[in-house]
2 protein chains.
Amino acid sequence: MNIGTLAKRSGVPAKTIRYYESVDLIESPARSENGYRVYDEEAVRTLSFIRKSRELGFPLEEVRSLLGLWQNKQRSSGEVRALAQSRIQDIDSRINELQRLRDELGHLVHACHGDHRPECPILEALEPHTERTSK
Amino acid sequence: MNIGTLAKRSGVPAKTIRYYESVDLIESPARSENGYRVYDEEAVRTLSFIRKSRELGFPLEEVRSLLGLWQNKQRSSGEVRALAQSRIQDIDSRINELQRLRDELGHLVHACHGDHRPECPILEALEPHTERTSK
DNA sequence: ATAGAGCTTCCAGTCGCTGGAAGGTCAAGG
DNA sequence: CCTTGACCTTCCAGCGACTGGAAGCTCTAT
């Protein structure tokens with residue numbers, strides 16, 4: 001199987017597969033006489049695993065750990081669970097932060113006429129408090 | 001005022017101020033005889049405005065637009081409102097996506113014992129469906 | 001005189017790809 | 001046999017928005 005076929009079957013673009021190889025996330029495959037990369041079924045499984053992990057938002061370094069745990073039959077499920085839980089905490093704090101921004105922007109948009117006139121509470125909110133500072 | 005003072009007063013790191021200058025977000029300031037950048041009160045206001053905009057999550061290119069509108073007394077508040085509203089849409093879709101991931105991970109963590117044993121529904125979910133494909 | 005803080009420029013790294021250039025290879029069709 | 005087009009190869013650059021560090025100059029205080 002060449003890289004294009006692997007790309008289609010795993011759902012990971014060929015460019016990205018080469019990139020994963022360059023950062024040692026996956027092993028370098030064998031090469032055929034013409035220099036083309038040659039993959040086996042195992043590669044389809046590995047790349048699919050990586051794709052799903054990425055879709056769940058795991059950063060590449062955590063995908064690396066997950067891959068190790070996946071391939072290690074002696075692993076403890078506790079380690080995997082811990083990784084997933086810290087991901088959840090990341091996600092929660094990002095959601096909270098986004099929610100805060102959303103609310104703030106929502107209030108401002110609500111307060112703004114949004115017409116041809118220049119008065120705009122949004123800009124006023126961005127404007128620094130103009131205190132009289134000694135020059 | 002030198003760059004360090006401006007940094008303290010605006011809350012924007014000196015490095016970042018130089019960066020903003022390099023991408024033409026702010027004007028190049030005058031230089032004193034020794035080559036140091038020299039800023040005025042206006043710069044404090046501008047940098048503070050930029051900082052608050054960034055804190056509200058506007059990407060730099062939108063900050064550029066906001067700055068233009070802020071400085072243009074003929075602006076219409078509608079333009080500003082439109083920018084803020086498209087930001088809200090961005091944020092909403094990011095929140096939704098994160099929420100989806102969070103739920104999915106939450107289910108998986110819930111299903112996983114998380115002990116010393118290797119069985120782990122989280123890894124199983126990442127694993128591709130193993131269909132018998134013709135070799 | 002010297003130490004330390006503050007300033008200058010320029011280059012590299014972050015994260016995870018993605019695009020493009022320049023070129024080799026292969027199968028099908030005229 | 002030749003060409004076309006789809007593959008494949010490598011390497012380099014760019015995205016956003018900084019941030020860190022090196023090397024070197026300037027200022028202030030002791």
Q: Checking the side chain of Arg51(A) only, and the main-chain atoms of Val12(A) only, is there a donor and an acceptor separated by less than 3.5 Å?
A: no
Q: Between Thr16(A) and dT18(C), is there a side-chain N or O to OP1/OP2 distance below 4.0 Å?
A: yes
Q: For dG16(C), does the base pair up with any side-chain atom of Lys15(A) as donor and acceptor (N or O, under 3.5 Å, distance only)?
A: no
Q: Does the pair Ser77(B) and Asp115(A) meet the rule for a side chain to side chain donor-acceptor pair (under 3.5 Å), with working shown?
A: CA-CA 6 Å; Ser77(B) 59; Asp115(A) 54 20; 3.2 Å; yes
Q: If I compare all heavy atoms of Lys52(A) with all of Leu126(B), which pair ends up nearest, and what's the gap?
A: CD-O, 3.3 Å
Q: May I have the distance from Asn2(A) (atom CG) to dT9(D) (atom C1'), rounded to whole angstrom?
A: 12 Å
Q: Take atom CD1 of Ile50(B) and atom C1' of dC18(D), then tell me their distance rounded to the nearest Å.
A: 14 Å
Q: Taking it one step at a time, do Arg31(B) and Val38(B) satisfy side chain to side chain contact (heavy atoms under 4.5 Å, CB included)?
A: CA-CA 5 Å; Arg31(B) 300 284 182 133; Val38(B) 182; 5.8 Å; no
Q: Which part of the nucleic acid, if any, lies within reach of Arg54(B) when heavy atoms closer than 4.0 Å are counted: base, sugar-phosphate only, or nothing?
A: sugar-phosphate
Q: Would you say the side-chain atoms of Arg81(A) pair up with the backbone N or O of Cys112(B), donor to acceptor, closer than 3.5 Å?
A: yes
Q: Could you state the CG-C1' distance from Leu60(A) to dT14(C), rounded to the nearest angstrom?
A: 13 Å
Q: Nearest 0.5 Å, please: how far is CD in Gln99(A) from CG in Asp92(A)?
A: 12.0 Å
Q: Nearest whole angstrom, please: distance from the P of dC15(C) to the CG of Leu25(A).
A: 14 Å
Q: Short question: side chain of Thr5(A), backbone of Met1(A) - any donor-acceptor pair under 3.5 Å?
A: no
Q: Any side-chain to backbone donor/acceptor pair from Asn72(A) onto Gln74(A)? Under 3.5 Å, distance only.
A: yes
Q: For DNA chain D, which residues of residues 29-40 of chain B approach it to below 4.0 angstrom with any heavy atom?
A: Asn34(B), Tyr36(B)
Q: Taking CZ from Arg51(B) and P from dC18(D), how many angstroms apart are they, rounded to a whole number?
A: 13 Å
Q: Which pairs, with at least one residue in residues 55-105 of chain B and sequence neighbours excluded, count as a ring pair (Phe, Tyr, Trp, His ring centres under 6.0 Å)?
A: Phe49(B)-Trp70(B)
Q: Round to a whole Å and report the spacing from CD of Glu21(B) to C1' of dT8(C).
A: 12 Å
Q: Nearest whole angstrom, please: distance from the P of dG16(C) to the CZ of Arg64(A).
A: 10 Å
Q: Considering only side-chain heavy atoms of Arg18(A), which listed nucleotide, dT9(D), dA17(D), dG16(C), is closest?
A: dT9(D)
Q: Assign each of Tyr19(B) and Ile3(A) to its nearest nucleotide of DNA chain D by heavy atoms, then name whichever residue's nucleotide is nearer the 5' end.
A: Ile3(A)
Q: Tell me the bend of the helix from dA1(C)-dT30(D) to dG30(C)-dC1(D) as the angle between end helix axes, each from five pairs, rounded to the nearest 10 degrees.
A: 30°
Q: Rounded to whole Å, how long is the line connecting atom OH of Tyr20(B) with atom C1' of dG16(D)?
A: 11 Å
